[in-house]
Protein chains: 2
Amino acid sequence: MSEQIKPTASELEILNILWSKGEGTVREVHQVLEQNREVGYTTTLKLMQIMLDKQLLTRDDSTSRHVYSANVNQEKIQGQMVKGMIDTMFNGSAKQLVMQALGSHKADKKEIEEIKQYLEQIEKRSRKS
Amino acid sequence: MSEQIKPTASELEILNILWSKGEGTVREVHQVLEQNREVGYTTTLKLMQIMLDKQLLTRDDSTSRHVYSANVNQEKIQGQMVKGMIDTMFNGSAKQLVMQALGSHKADKKEIEEIKQYLEQIEKRSRKS
DNA sequence: TTGTGGTTACGAAATTATTCGTAGGTTTGC
DNA sequence: GCAAACCTACGAATAATTTCGTAACCACAA
C-alpha cells in the first residue's frame, strides 16, 4: 500500500483552492481563504511553505512571486478522505454515507438524474464482468 | 444556528463504537479501539473522561465500572461531517461526493438498488411540494 | 486480612497544528 | 535614487490533541 497522505483541515482548504485554480500565488490563495475566515497573510504563507516541505505542493520560484500548484492528485485525496469517513463513521457502508449526503444536503433534480444514470452505469458494468 | 460540535478524530472513533453498542465500559470500548491501532488503556480512559466533560458522552457511575453512552445524535454529527466535507473538498456539490463514494468504494447490487429507490423517493417528494 | 488484578482520577509530557512577528529582499512609481 | 508597498524566510509562541505514568480506590479469592 502506498503512503497514506493525511492533509490537515487547513491544508485541505488550500489544496482545494489550488485544485480549482490550477495554480496560484500566496496572495491569491490567501484572498480566497480570507473570504471564509479571518487569517493573517503570513499564516497562509507559512502553511504553504510547510506544504511545500511535505511535498503536498510544488512551486515555481523563478520569479519573486512564487507560484504554487498542488502536487497530490485530487481524486486520490478525495477518495482517501471519503474512505476514512466511511470506515470511521459509517461502519464501512458507502450506502449509508450516500444517503446521509443526499438526505441532508439538497441536490437538485438534474443532479439526482445524473446520479441515477451513474448508478445504472455501475450496474451495467458489474453485470458484464 | 445551534452550537457546532466538532469531535476530533479519536473522539469520532469512540462515538462510533458507542453508537453501535448502545453503551459500554472503558474496557469494552478500548478493546474495540485496540483492534485498529495500538493505544494504551489509560489513553482511552482519559479520552472518554474528556468527552464526558465536553458532554459528548454521559455515564452511569453507580457501579465501579462506569458505563458510558453517546450523548450526541449520530445522524446530526454524521450530517455535519458530511457537510464539512462537501464544503471544503467538493465545492458544495453533494453529487460529487456521492460519485466519489460510489466510484471508489464498491457497493453491491442490492445497495445500489436501495440507493436508486431512495433517489426516486426524493424526486417524488420534491414533485409534490 | 492481605495480595492480586482491575478500576478511576488526573497532572503533565509529548506531539501536532496553527498563528504571527520580525527581518530582510524585491518591485514599482515617481 | 528612494520610499512605499509588496514579497519570502523562519523562529517561536500558542493552541489543540493525544499519550501515559502514577496514585489511589475497589472487588474478590485465598
Side-chain angles (χ1 to χ4, degrees), chain A residues 3-18 23-69 72 77 80-81 84 88-89, chain B residues 3-18 23-69 72 77 80-81 84 88-89:
Chain A
E3 269 311 280
Q4 261 292 74
I5 300 164
K6 258 245 151 210
T8 66
S10 310
E11 287 171 348
L12 278 174
E13 285 187 300
I14 289 172
L15 280 176
N16 200 45
I17 292 166
L18 288 173
E23 59 175 36
T25 62
V26 175
R27 175 68 53 194
E28 288 164 343
V29 170
H30 181 245
Q31 271 160 2
V32 179
L33 279 185
E34 265 188 327
Q35 289 167 11
N36 302 323
R37 59 194 180 85
E38 193 164 343
V39 55
Y41 177 82
T42 56
T43 301
T44 304
L45 170 64
K46 180 69 166 182
L47 265 175
M48 289 175 73
Q49 286 170 343
I50 290 169
M51 289 171 77
L52 178 68
D53 206 61
K54 293 188 189 175
Q55 310 202 50
L56 292 173
L57 305 182
T58 55
R59 84 176 174 196
D60 173 356
D61 52 7
S62 62
T63 66
S64 72
R65 296 182 184 187
H66 301 174
V67 178
Y68 292 77
S69 308
V72 286
I77 301 291
Q80 277 181 17
M81 299 303 291
T88 68
M89 296 208 66
Chain B
E3 269 311 281
Q4 260 294 74
I5 300 163
K6 257 245 152 213
T8 67
S10 308
E11 287 172 348
L12 278 175
E13 287 187 298
I14 289 173
L15 280 176
N16 200 44
I17 293 166
L18 288 173
E23 60 175 36
T25 61
V26 175
R27 174 69 52 195
E28 287 165 344
V29 170
H30 181 244
Q31 271 162 1
V32 179
L33 280 185
E34 265 188 326
Q35 289 167 11
N36 302 323
R37 58 194 181 84
E38 193 164 342
V39 54
Y41 177 82
T42 57
T43 302
T44 304
L45 170 65
K46 179 68 166 184
L47 266 175
M48 290 175 73
Q49 285 170 344
I50 290 169
M51 291 172 76
L52 178 69
D53 207 59
K54 293 188 188 173
Q55 311 202 51
L56 292 173
L57 304 182
T58 54
R59 84 176 174 195
D60 173 357
D61 53 7
S62 61
T63 65
S64 71
R65 298 181 183 187
H66 300 175
V67 178
Y68 291 77
S69 307
V72 286
I77 301 292
Q80 277 180 17
M81 300 304 292
T88 69
M89 299 208 66

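The sequence lines fix the lettering, A, B, ..., with proteins before strands; numbering per chain opens at 1. No experiment lies behind these values; they were computed from the predicted model shown.
Nearest heavy atoms, Glu11(A) versus Ile50(A): OE2-CG2, 4.4 Å. Considering all non-hydrogen atoms of both residues, Thr25(B) and Glu28(B) come closest at N-OE1, 2.9 Å. Here the shortest heavy-atom pairing between Tyr68(B) and Leu18(B) reads O-CD2, 3.7 Å. Across all their heavy atoms, Thr44(B) and His30(B) have their closest contact at OG1-CD2, 2.9 Å.
For dC7(D), neither phosphate oxygen OP1 nor OP2 lies less than 4.0 angstrom from any side-chain nitrogen or oxygen of Arg59(A). The side chain of Tyr41(B) places no N or O atom within less than 4.0 Å of a non-bridging phosphate oxygen (OP1 or OP2) of dG6(C). For the pair Thr43(A) and dC20(C), the criterion of a side-chain N or O lying under 4.0 Å from OP1 or OP2 is met. Put simply, Arg65(B) has no side-chain N or O that comes within less than 4.0 Å of OP1 or OP2 on dG5(C).
When heavy atoms are screened at a 4.0 angstrom cut-off, Ser64(A) is found touching the sugar-phosphate backbone but no base atom. Using a 4.0 Å heavy-atom criterion, one finds that Ser10(A) contacts the sugar-phosphate atoms exclusively. Base engagement by Thr42(B) is indicated by at least one non-hydrogen atom pair under 4.0 Å involving a base atom.
Look at NZ on Lys46(B): it is 16 Å from P on dA23(D), rounded to the nearest Å. Distance, Ile50(B) CD1 to dA16(D) P: 13 Å, rounded to whole Å. At whole-Å resolution of the value, CD1 in Ile14(B) and C1' in dT18(D) are 11 Å apart. Whole-Å rounding puts the Asp53(B) CG to dT8(C) P distance at 16 Å. Across the protein-nucleic acid pair, Glu11(B) atom CD and dA16(D) atom P stand 13 Å apart, rounded to whole Å. Atom CD in Glu13(A) sits roughly 12 Å away from atom C1' in dT18(C) (whole-Å rounding). One can place CG of Leu45(A) at 16 Å from P of dT18(C), the figure rounded to the nearest angstrom. Rounded to a whole Å, the CG atom of Leu47(A) is 17 Å from the P atom of dT16(C).
Nearest nucleotide to the side chain of Gln49(A), out of dT8(C), dT18(D), dA9(D): dA9(D). In this structure, of dT7(C), dC10(C), dT8(D), it is dT7(C) that holds the atom nearest to the side chain of Arg27(B). In this structure, the nucleotide among dA17(C), dT8(C), dT19(D) sitting nearest to the side chain of Arg37(B) is dT19(D).
Here the OG atom belonging to Ser69(B) is positioned 11.5 Å from the CG atom belonging to Leu15(B), to the nearest 0.5 angstrom.
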